Amino acid sequence: PRRVGYWKASICIIPYPSSPCKEEVLAVFRKFWRFLAPMSKAEPCEQKVFSFSLPFSFIHKRKRKIRNLRRKKREEAVRTAIITDSESGITQAEARQWGVWVVPMPIIIDNEIHYEGVGLSAEEMFRYMKAGRSVSSSQPAPDDLTTMWDSVLASGYGELGYIPMTSGLSGSCQTALALASSYGGRVQVADNHQISVPQKNSVRDAAALVARGCGAAEVKERLEAAG
């Protein structure tokens, strides 16, 4: 026959002598004992000493139940999204893999608007530049930015952190800060003065912080402190 291991423990209840709720405390633990007794190897016990042995399988089941409850609590907590712009160099494929969103920057080629990473690759843009075409960039339109924010928040996220390119090279960060003021704290704009690869690394760090349970405000604070 299979051997079953048991976990042994004793609980000794010693309420403070003058406690007005001494009997209530003992009553609670007697009730706890009545719950354990049917599934444990009960041993003789006094009024204030509860001694029992529980099978390991019971302990493991309780641990699984606690883990599931904690996981459910995390899922019910406020979900935080991370959004950046395409100046970070993050492709749409990478964004899906990391669980983040990328706002495409407008690229103007011969007075025609294209969007970086959406129908216009970096290789194509460089090819236009080598061919002597007129190529310039612009910050995302406010409507495009708020449309993405609204879409992400409506998809089940309670808040979001937005990581634009450095405010030292573009007015997009100041625009985002002004727009975020109407969201009641649900949108946090982090200006950590990064662009290109450092900005990409900041987005990766932000996604890791969110995975560890940090909210948008804490992500913003940490990124700006590190920047």
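Note that the coordinates shown come from a computational prediction; the quantities given were computed from them, not determined experimentally.
Grouping the Ile, Leu, Val, Met, Phe, Trp and Tyr side chains by contacts below 4.5 angstrom, directly or via other members, places V152 apart from V102. Hydrophobic clustering (side-chain heavy atoms under 4.5 Å, transitive across Ile, Leu, Val, Met, Phe, Trp, Tyr) groups L177 together with W149. Hydrophobic clustering of Ile, Leu, Val, Met, Phe, Trp and Tyr side chains at less than 4.5 Å, counting indirect connections, unites W98 with V219. Under a hydrophobic clustering in which Ile, Leu, Val, Met, Phe, Trp and Tyr are joined whenever their side-chain heavy atoms come within less than 4.5 Å, directly or via other members, Y115 and I108 fall into the same cluster. By the rule that hydrophobic residues join a cluster once side-chain heavy atoms approach within less than 4.5 Å of another member, V100 and L160 end up as members of separate clusters.
Checking side-chain atoms of K220 against main-chain N and O of V189 turns up a donor-acceptor pair under 3.5 Å. With hydrogens and angles disregarded, a donor-acceptor distance shorter than 3.5 Å links the side chain of T147 to the backbone of D143. Remark: side-chain polar atoms of S88 are not paired, donor with acceptor, to backbone N or O of Q199 under 3.5 angstrom. Under the 3.5 Å distance criterion, the side-chain polar atoms of D85 are left unmatched by any main-chain donor or acceptor of V103.
Atom-to-atom distance recorded for T91:OG1 and E116:CD is 11.0 Å, nearest 0.5 angstrom. In this structure, L223 CG and N201 CG are separated by 11.0 Å, a value rounded to the nearest 0.5 Å. The line from OG of S196 to CG of L169 is 11.0 Å long, rounded to the nearest 0.5 Å. Rounded to the nearest 0.5 Å, atoms OG (S202) and CD (E224) are 10.5 Å apart. Atoms CG and CZ, from D150 and R186 in turn, are 9.0 Å apart once rounded to the nearest 0.5 Å.
Taking the side chain as every heavy atom from C-beta outward, P140 and M105 approach each other to under 4.5 Å. Looking only at side-chain heavy atoms (C-beta outward), S167 and H193 come within less than 4.5 Å of each other.
Residues V210 and T80 approach most closely at CG1-O, 3.4 Å, considering heavy atoms. Between M165 and S170, the shortest heavy-atom distance links the atoms SD-CB, 3.6 Å. Between G161 and A216, the closest heavy-atom pair is N-CB, 4.1 Å. Listed here is the closest heavy atom pair of A206 and I163: CB-CD1, 3.7 Å. The two atoms that bring M148 and W101 nearest to each other are SD-CB, 4.1 Å, heavy atoms only. I113 and P106 make their closest contact through CG2-CB, 4.3 Å (heavy atoms, listed as atom of the first residue, atom of the second, distance).
Counting heavy-atom neighbours within 6.0 Å of D110 CG, excluding the residue itself, gives a total above 12.
I109 is linked by a side chain to side chain contact (heavy atoms under 4.5 Å, CB included) to I107, H114, L120, Y128, R133, V135, counting only residues two or more places apart in sequence or in another chain.
Each salt bridge (charged side-chain N to carboxylate O under 4.0 Å, His left out) pair with one or both residues in residues 191-215, not counting sequence neighbours, appears once here: E94-K200.
A salt bridge between E123 and R127 is absent, with no side-chain N of the basic residue lying under 4.0 Å from a carboxylate O of the acidic one.
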